[in-house]
Amino acid sequence: MSPDLRVCFLGDSFTAGVGDPEHLGWVGRLAARSARAGRPLTAYPLGVRRQTGVEVAARWAAECAPRLAGDWDARLVVSFGVNDTTLDDGTPRVTPERSVAALDAVLAGARAAGWPVLVVGPPPVADAGHIARTARLDTRFAELCAGRGVPYAPVLAALAADPAWTAEVAAGDGAHPGAAGYTALADLVWPRWRAWTA
């Protein structure tokens, strides 16, 4: 019997699955696929709409400690960045330096607690300029994770070229997909997830 796996999924509206008429998002789909593959888990989706990485970093410890502290396989999945690169009065809500520092703070805190982390990169929205800003942050997140020995699942480029994702985002609010888009995102995360939880 596999050990009791408990995972907090930290992030923003994409982690919360906003826009999915089936109310599963990528987190629910990933958890269901993991269970079917013989790695069941208790998944705690902790996504908050419009939150930046700085805001996620400010709340993560208080939310994860009561869910993960104990004698079991406790882990974190972290995904943010789209709100960081959203323009507010012509400038990004959070500078890339602060976004990277926020992610690094979560990684350091999780390492101190003994909780392995998987980072999922930010997805694209229906705005070319926003995608370009997010792509630059995505690269910096990937570099940070590589330096920290933390697995990173990039999704931006693949989703930007995915017909289901782009069609659903365009038909919706310009940011969030529907069921097919979230399925595509979960499929991209799956190989890293499977190796990480093996």
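These numbers come from the heavy atoms of this one structure, side chains and all, not from hydrogens, waters or symmetry mates.
- Taken from CG in Leu137 to CD in Glu97, the straight-line distance is 9.5 Å, to the nearest 0.5 Å.
- Both Leu103 and Leu46 belong to a single network of hydrophobic side chains, linked directly or stepwise wherever heavy atoms of I, L, V, M, F, W or Y lie under 4.5 Å apart.
- The shortest non-hydrogen separation linking Gly174 to Val125 is O-CB, 3.5 Å.
- Looking at every heavy atom in both residues, Val120 comes nearest to Ser79 through O-OG, 2.9 Å.
- Tyr182 places a side-chain N or O within 3.5 Å of a backbone atom of Val18 that can act as its donor or acceptor partner.
- Hydrophobic cluster membership is shared by Val100 and Val56, with clusters built from Ile, Leu, Val, Met, Phe, Trp and Tyr side chains linked at under 4.5 angstrom.
- The number of heavy-atom neighbours closer than 6.0 Å to CZ of Arg50, taken from other residues, nucleotides and ligands shown, is 12 or below.
- Rounded to the nearest 0.5 Å, atoms OG (Ser34) and CG (Leu41) are 5.0 Å apart.
- When side chains are defined from C-beta on, Val106 does not count as touching Val117, because their heavy atoms never get closer than 4.5 Å.
- Pro122 and Val155 get closest at one heavy-atom pair: O-CG2, 3.9 Å.
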Quiz prompt | Step-by-step side-chain contact (heavy atoms from CB on, under 4.5 Å) determination, Thr42 to Trp72 | solution = CA-CA 11 Å; Thr42 300; Trp72 39 72; over 6 Å; no
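- Looking at residues two or more places apart in sequence or on another chain, you find no side-chain hydrogen bond (donor to acceptor under 3.5 Å, both in side chains) involving Thr15.
- The distance between the ring centers of Phe9 and Phe14 does not fall below 6.0 angstrom.
- Residues Val27 and Pro45 come closest through the heavy atom pair CG1-CG, 4.1 Å.
- We find the OG1-CG distance between Thr139 and Leu144 to be 12.5 Å, quoted to the nearest 0.5 Å.
- Thr134 OG1 to Asp127 CG: the interatomic distance, rounded to the nearest 0.5 Å, is 9.0 Å.
- Ionic pairing of Arg29 and Glu22 is present here: one or more N-O contacts between side-chain nitrogen and carboxylate oxygen are shorter than 4.0 angstrom.
- Looking only at distances, a side-chain donor or acceptor of Arg39 sits under 3.5 Å from a matching main-chain atom of Thr197.
- Note on Val48 and Val7: separate hydrophobic clusters, where clusters join Ile, Leu, Val, Met, Phe, Trp and Tyr whose side-chain heavy atoms are under 4.5 Å apart, directly or indirectly.
- Summarising the geometry of Arg67 relative to Arg6, their closest heavy-atom pair is O-CD, 4.0 Å, with the distance given to 0.1 Å.
- The two residues Leu5 and Pro40 come nearest to each other via the heavy atoms CB-O, 3.8 Å.
- Looking at Arg98 and Asp84, no side-chain N of the basic residue comes within less than 4.0 Å of a carboxylate O on the acidic one, giving no salt bridge.
- Side-chain atoms of Trp165 come within 3.5 Å of backbone N or O of Pro124 as a donor-acceptor pair.
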Exercise. Verify side-chain contact (heavy atoms from CB on, under 4.5 Å) between Arg59 and Leu10, making sure each step is shown before the conclusion.
Key: CA-CA 9 Å; Arg59 67 177 169 87; Leu10 292 156; 4.1 Å; yes
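- Cluster annotation: Leu156 and Trp190 are assigned to distinct hydrophobic clusters (Ile/Leu/Val/Met/Phe/Trp/Tyr, side-chain heavy-atom contacts under 4.5 Å, transitive).
- The NE2 atom of His176 sits 7.0 Å away from the CG atom of Asp12 when rounded to the nearest 0.5 Å.
- Without hydrogens or angle criteria, Asn83 side chain to Gln51 main chain gives a donor-acceptor distance under 3.5 Å.
- Summarising the geometry, atom CZ belonging to Phe80 is positioned 11.5 Å from atom CH2 belonging to Trp60; distances are rounded to the nearest 0.5 Å.
- At least one donor-acceptor pair under 3.5 Å links the side chain of Thr183 to the backbone N or O of Ala179.
- Side chain of Arg75 to backbone of Leu118: no donor-acceptor contact under 3.5 angstrom is found.
- There is a path of hydrophobic side-chain contacts, each under 4.5 Å, that joins Leu107 to Phe141.
- A donor-acceptor pair under 3.5 Å is absent between the side-chain atoms of His23 and the main chain of Gly17, judged by distance alone.
- Looking at Pro96 and Arg136, their side chains never come closer than 4.5 Å, going by heavy atoms from C-beta outward.
- Residues Asp187 and Arg33 form a side-chain contact, since some pair of their non-hydrogen atoms from C-beta on lies under 4.5 Å apart.
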